[in-house]
Each structure stands twice: as C-alpha cells, then as structure tokens.
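First comes the structure, then the notes that go with it.
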2 protein chains.
Amino acid sequence: MPRSAPQMPARLTEAAFELFAEHGFEAVTVDDIATHAGVTKGSFYSHFQSKREIILAACAFYYGEYQRKVQRAIARLSDPHQRLRRVLEISVRSCVLDRGNRVFTTEVFALLLQDDEVRAGWSQFYDSVRKMYLGLLIAADGCQVPAAEARRAVDLMLAAMEGVKMRAAFEPQIGSRAQQATIVDDLLRVLGFPAGSRAARSASSATPSSARSRTRSTS
Amino acid sequence: MPRSAPQMPARLTEAAFELFAEHGFEAVTVDDIATHAGVTKGSFYSHFQSKREIILAACAFYYGEYQRKVQRAIARLSDPHQRLRRVLEISVRSCVLDRGNRVFTTEVFALLLQDDEVRAGWSQFYDSVRKMYLGLLIAADGCQVPAAEARRAVDLMLAAMEGVKMRAAFEPQIGSRAQQATIVDDLLRVLGFPAGSRAARSASSATPSSARSRTRSTS
DNA sequence: CAGATAACATACCAATCAGTACGCAAACGG
DNA sequence: CCGTTTGCGTACTGATTGGTATGTTATCTG
C-alpha cells in the first residue's frame, strides 16, 4: 500500500528502541529492526539512510519520552516541594527500575565516547534536565541559596542518580520498588534537604520556604 | 623462540587493555591486539581461547591496577582523614581524569548487561572497593555513626563518583585537574563531612574524631 | 645429534551484516 | 484510464572478522 506511510519512521524508531533497550546497539541488526516493525530491510532503507541514523532517532525518542513523562507527572501539582519530589520519583522509577532504559542509556554512554553527534545530543538532553531540576530546586527552596551552589548541588545529585542506575545493573536488588523511596531520600539529601526533613514529602503541601538547612558546622 | 614466553599472556592482556581503553571492545579486533603486542593472530590463540577470554583478562588487569594504585598511595599515611581523602583523590584522578579508564569501564558496563561472568567480576570488584571505603570512613569517623548508615553513605558516594565519571565523558571540562579538589569535596560532603569541615583536608593530621556532624534538623 | 614440543606465522574458512539493485504493485495526477 | 511516483519486498554484494588448519622454527631432552 504505497503513498501512505507517514507513521512508518515512528514505527521503525519505536521498534528499534525496544530492541536496543533489550540487547544493545551492536547486537541488533537492521533486519531485526525491520522485522520487529513488520517490514523488511529494503523498506527500512527507504526511511533511514543508515543504522546510525536510526540510533540517533531512537535517542531522540528516548529523550522525548522522558520529558513527556515528567511533564505529565507534575502538570497538576503546584506545591514546589511536591513537584520536586515527584520528578525525582519519576526519574528514579524510569532510570533505575526500568531495565530497558538502563540498557539503552548505558549503550548511549558507550557510543557517545566515539560519536560526536550522539555526544552532542546527550549533552543537550542533560542540560535541559539540569535546568529543570535547577528550577524545581530554587522554587522549592525559596531562593535561600546562591544559584551557583544550587547548580553544584543539582550536578552532584544527577551524578548520584546516574551512579545508582549503574549499580542497579549489577546489583538488581537496589532497583527493587521498596528501595525507591530510600533512593529518593538520598537524592534529596544530596540536594541539601536533610534526611529528617519533611520538606519535600509528597503528602505535605505547606512549608513554603526555609525547608533546607544546609549545614556549615565544622568539627 | 619457543619454550620461552611466560610473559606473553600478560603482554597480550596489557596490549588489549590499551586498545580497549582507546576504542572499546567491539572496535578492537583480535588482529589488532596481536599486532599491538607484536605477534599475530595465530599466536594469540595459543594463549587465549577467544576474544571474550581476553576481555575478562583485561578486566582483571584493570581491577588489579586500581587496587595497586590505591595501596601504594596510602601505604605511608597513618592519619585516617588523610587516608580517606587520598584514596578519594586517587580514585577521582583515575576514574574521572583518565579518559582511557573512563572508556574501559563504560564498555564494561555495557558488556555486563549481557554477560554474567563480566557482571560477577565487576560486582566483586565493586564490593571490595565498598569495603575499603567503609573501613576508611569508619576509621576517619571515630565510629560515630551506625554501620548501616555509613554503608549507605558510602554507596551514595560511590554512585556519585560513577555519575561524575559519566558526566566527564560528555562534559570534558569537569574532568579538568582544577576541578579535582571540588569533586573530592563534593564526595566528602556526600560521605557526611560538611563542606566547611577541615576534617579531611590533606594538610592536617590532627582532629582525631568528631569530624562529622550529620544534620538531623528538620524544617 | 635426533625427536618431541611449544611458540609463532601464514593462509584460509564461514558466518554475519550493512548497504544496494531492482522489481512489483498500489495509489495518485491528469 | 494511463503513466508516474512511492512504499515495500526479494535477492544480492562486499567487507569484516572470529576462529581454525597447517606449517615452520627454535629450544629442550636424552
């Protein structure tokens, strides 16, 4: 049925993402992708010029999915603390608990060491995530802390989240759903919210500011 | 020159590690490894049975090198705070600043998602690193904190270190030598040493205990 | 010195896989 | 209704590469 396949690129991209998230880039052939999408290799090459091109498309798909998930999760929340915690929960669930996403991003990391375009794409995605968290943190924080320090805290928290994801790959038990809250608490602590703080508990919606009490005490 | 090559496996392993650390596992062929070690593929297969086998050998080589570096660095230090900080410095330099090690471990991460033996090896290595940090932390800490909490802090710190390494792959500037001290400070903060604390500064050798002051204040 | 043995090289095989050439058939334009 | 366009399938090629089969040479043993 010619003259009618505007959804074909998207279908191939999604099929590719699913396979990549299961087996990695190298282990998946163009034939596999085409078959998984219900077509053949010849058709594949009438929509994408190379395997590399659909890898880039799969990356863009992943970035979009993450941002869509986050936006939907906080669309109806107005309390800044709730919003921050909710985004952390979503991110942990998506990055740490979901094996497919773990495999996919790990493959992206390996690839971006060799491919400038992949690196640039990830860097841009990471920038947008950082900006988002920075906004959430400043909103939840009541602007108590200089922007430079907030940014450093966000960077450290994002690093910790990446690291937790890595660990989940070889210690699956930390990816259990029971651990999710613990991980979120840890990340909030890295962001400057002390462990005992109720500031960002999803239940409360009050406690407008002074939620954080960064420790500067020395020995 | 037969009957005389007990160093050949080690030479091949080191050659393989160097190439893997530059180009990744898939991009390096057995021919490349053999050539880099000054022999041919036929010789390679008289020392290793498969490409996978030398990848495992290269992993073991990496683990050994890291532990050797750490041991040498703290052999002459007796102050617990100095020891902890020194190990962090060495780890950051080795993991974050060294591109080769970054590439290699990233490849290992990608591979351990598909290979149980690689996963088991890395898991064991990671365990030994965690135990080491736990010992260093408890020593530097004067046993102020329950072991479970110390372990959680170590896990979070190690996660943050992994994440910083990942970021260094696509934001090379954070891997600059100038940033090294900042990263170490951040990691110490995650471990529970407040930012202003001089407890673990490499200069001082006093301040035996009460270096940490975990915040439990709430909003 | 002779035979065994182990390190190493040469040449090859077989499988995999990205990418291509080409043909067919269905929808569109005129 | 006819020709063009376009999506898609079939069949192929060419290059790569892990692994092997088969020497060849030098050292060791007796």
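Because the structure is a prediction, the values reported are computed rather than measured. Sequence lines set the chain letters: A, B, ... in the order given, protein chains first and strands last, and positions in each chain run from 1. What you see below is based on every heavy atom in this structure, not just the backbone, and it leaves out hydrogens, waters and symmetry mates.
For E117(B), the salt bridge (charged side-chain N to carboxylate O under 4.0 Å, His left out) criterion is met by R52(B), not counting sequence neighbours. The side chain to side chain contact (heavy atoms under 4.5 Å, CB included) check on R151(A) picks up R130(A), L134(A), D155(A), with sequence neighbours excluded. Shown here are the salt bridge (charged side-chain N to carboxylate O under 4.0 Å, His left out) partners of E107(B), two or more places apart in sequence or in another chain: there are none. By the salt bridge (charged side-chain N to carboxylate O under 4.0 Å, His left out) test, R86(B) pairs with E89(B), sequence neighbours left out. Listed by chain and number, the residues in a side chain to side chain contact (heavy atoms under 4.5 Å, CB included) with E53(B) are F48(B), Q49(B), S50(B) (sequence neighbours excluded). Partners of D32(B) according to the salt bridge (charged side-chain N to carboxylate O under 4.0 Å, His left out) rule, which considers only residues two or more places apart in sequence or in another chain, do not exist here. Scanning for side chain to side chain contact (heavy atoms under 4.5 Å, CB included) contacts around S46(B) gives an empty result, with sequence neighbours left out.
Note on residues 149-169 of chain B: no pairs pass ring pair (Phe, Tyr, Trp, His ring centres under 6.0 Å), not counting sequence neighbours. Judged as a salt bridge (Lys or Arg N to Asp or Glu O under 4.0 Å), the pairs with a partner in residues 36-51 of chain B (not counting sequence neighbours) are, in order, D31(B)-K41(B).
Across its full length, the helix from dC1(C)-dG30(D) to dG30(C)-dC1(D) shows an angle of 0° between the axes of its 5 terminal pairs at either end, rounded to 10 degrees.
Against DNA chain D, the stretch residues 51-59 of chain B makes heavy-atom approaches under 4.0 Å through K51(B).
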I'd like a table of atom pairs between the protein and nucleotides 9-16 of chain C - only N or O on both sides, under 3.5 Å - with the distance next to each one.
residue, atom, partner, partner atom, Å
dA9(C), OP2, T40(B), N, 2.6
dA9(C), OP2, T40(B), OG1, 2.7
dA9(C), OP2, S43(B), OG, 2.4
dA9(C), O5', T40(B), OG1, 3.3

